[in-house]
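All remarks here apply to the structure that follows.
Atoms within each ligand, like the ligands themselves, are counted from 1 in listed order.
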Amino acid sequence: MRLLLIGDIVGKPGRQICTEAIRGLRIEQEIDLVVANAENAAGGSGLTPAIYHELMAAGIDGITMGDHVYKRREIFPILQTERRIVRPANYPHDAPGHEVVILRAHNQVRVAIISLLGRVFMPPVDCPFHAANRVLASLPSDLRVILVDFHAEATSDKQVMGRHLDGRVSAVLGTHTHVATADEQILPHGTAFQCDVGMTGPHESIIGRRIDRVLETTLTYRPTHFEVATDDVRLHGTVVEVDPESGRATRIWRIAVRQAEADRLATLTK
Ligand SMILES: [Fe+2]
Ligand SMILES: [Fe+2]
């Protein structure tokens with residue numbers, strides 16, 4: 001079976017390319033489950049109920065978030081009632097949202113989705129490595145297919161998580177940096193790993209935001225509004241092929257869909 005994790009969806013351009021491309025991708029790449037990181041989906045930061053439903057309608061089965069999970073308070077009811085979205089598992093117990101959800105893939109296999117936040121160059125949170133142990137111990141023992149989105153800044157931190165969970169989960173895939181890394185691999189005990197699956201949004205930008213604004217503030221310290229950029233929109237993500245019996249990964253590959261390709265994919269489902 002095949003799982004797709006789509007990298008941080010940034011603003012309207014990111015949502016639009018998802019709507020155009022995901023259904024076609026599901027067909028062409030024979031994807032059984034689509035999970036997307038949506039922490040930047042609402043104007044570049046956070047998620048709203050309307051956008052949550054828009055992403056579900058685009059063909060996404062499950063949503064992970066990140067350090068921007070609570071940027072829009074109106075998402076709290078969705079985080080608390082919906083069973084297709086997770087908050088970081090290494091937040092306090094009483095933080096709004098679920099620390100793990102179990103989804104049913106297209107082939108009917110159950111898949112657990114876990115989100116963890118890194119601690120290097122990021123606001124302080126509980127230890128993601130111990131949180132992973134705790135959440136894994138809480139899962140039904142017959143559940144084999146587990147996808148972990150490790151939302152972290154440092155590649156070293158991500159490699160440590162990959163080795164920590166190797167053989168215990170199907171995939172440890174990174175998000176948050178908005179830049180895809182070329183290190184996709186299957187670790188020795190069968191866990192698919194990649195430091196970062198990249199960004200779904202405008203690539204003519206500084207990680208999704210207008211270049212002129214970020215440059216001005218960086219150089220002068222004059223505050224500006226870091227508006228979402230518009231050009232060279234791409235969908236970035238990674239597909240993991242998993243043996244549903246063992247939960248071990250057998251293949252991993254990156255996908256990068258540019259606008260022309262998204263237009264073609266959109267015609268497949270018309
Ligand atoms: Fe992000
Ligand atoms: Fe982030």
Under 4.0 Å between a side-chain nitrogen and a carboxylate oxygen: does that hold for Asp142 and Arg110? yes

Using a strict threshold of under 4.0 Å (side-chain N to carboxylate O), is an ion pair present between Arg264 and Glu261? yes

Can you list, by chain and residue number, the protein N, O or S atoms under 2.8 Å from the Fe ion (ligand 1)? Asp8 OD2, Glu39 OE2, Asn40 OD1, His178 NE2

Salt bridge or not between Lys71 and Glu39? Use side-chain N to carboxylate O under 4.0 Å. no

When you check the gap from the basic side-chain N to the acidic O, do Arg104 and Asp32 get nearer than 4.0 Å? no

Under the side chain to side chain donor-acceptor pair (under 3.5 Å) test against His178, which residue among Asn37, Asn40, Asp196, Thr200 passes? Asn40

Do you know which two heavy atoms are closest between Gln185 and Ile252, and how far apart they sit? N-CG2, 3.6 Å

